[in-house]
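The figures here come from the full heavy-atom set of this structure, side chains too, leaving out hydrogens, waters and symmetry mates.
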Amino acid sequence: MNQYQFVDLVDAYPTHRRSPKDKCVPEELPALIKVLPGIAILSPNAEEALSLLSIPLPPTPSSIEQAADRLLSYGIGDSRKGWVIIRSGGLGAYVKTLDSRGQWIDAYWSINDSKRIVDVTGAGNSFLGGLAAGLMLTGDVVKGKQRYEPVYPP
């Protein structure tokens, strides 16, 4: 069995649900910090991460990397061994732990494909579903993201 256990945060922490966009505000940061030790992977989108940490929008690679460092400084996961993956739309995803250098993983779709994208509703959930499947199959966050992210037909 793989070392990762997937837990629905609503069941694990009934008073700290996975934050909807309107809850990704600086006032909610203390509540998030309280539950971070019980989370193996924290994966906000770029706008959520920047808003929560009061980092100005729009997202840039530099501001996303800064947000990842700050989130990790709060202690994600057991013994601070957790991952942060910031989903950043066309920029891709930024993946990092306290013990590893950050890594950008390319987005599946590029700006040249924008006419093929009909609706992004559910993209974050699809990303995380593909990540979970890949992680269970490979045991590696980066390989899991690269090999098993959702792929949609044109």
Backbone N/O of [Y] and side chain of [X]: donor-acceptor pair under 3.5 Å:
X: Arg80; Y: Ser73; answer: yes
X: Glu65; Y: Ser62; answer: no
X: Arg87; Y: Ala46; answer: no
X: Ser51; Y: Val25; answer: no
X: Thr97; Y: Asp99; answer: yes

Mind listing the closest non-hydrogen atom pair of [X] and [Y] along with its distance?
X: Ala67; Y: Leu50; value: CB-CD2, 3.9 Å
X: Glu48; Y: Pro44; value: OE1-CA, 3.5 Å
X: Ile86; Y: Ala68; value: CD1-N, 3.7 Å
X: Pro59; Y: Ile64; value: CB-CD1, 3.8 Å

Worksheet item: Are the side chains of Leu42 and Leu36 in touch, meaning some heavy atoms are under 4.5 Å apart?
Response: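 Side chain of Leu42 against side chain of Leu36, heavy atoms only: contact under 4.5 Å found.
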
Side chains of Arg70 and Ile55 in contact at under 4.5 Å (non-hydrogen atoms)
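Yes, at least one pair of side-chain atoms sits under 4.5 Å.
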
Would you call Lys96 and Asp69 a salt bridge, using N to O less than 4.0 angstrom?
->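 Looking at Asp69 together with Lys96, the answer is yes, because their closest N to O distance falls below 4.0 Å.
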
(request) Determine, stepwise, if the pair Leu98 / Trp83 fulfils side-chain contact (heavy atoms from CB on, under 4.5 Å). (result) CA-CA 8 Å; Leu98 280 177; Trp83 293 79; over 6 Å; no

Nearest 0.5 angstrom please: Leu29 CG to Ser54 OG, how far?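 OG of Ser54 is found 8.5 Å from CG of Leu29.
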
CA sep, side-chain torsions, deciding dist, call: Leu52, Leu32, side-chain contact (heavy atoms from CB on, under 4.5 Å)
CA-CA 10 Å; Leu52 186 66; Leu32 175 64; 3.4 Å; yes

_For a side-chain contact (heavy atoms from CB on, under 4.5 Å) check, start with the C-alpha distance between Leu91 and Trp104, then their side-chain angles and the critical distance, and finish with the verdict._
CA-CA 8 Å; Leu91 294 173; Trp104 279 97; 4.0 Å; yes

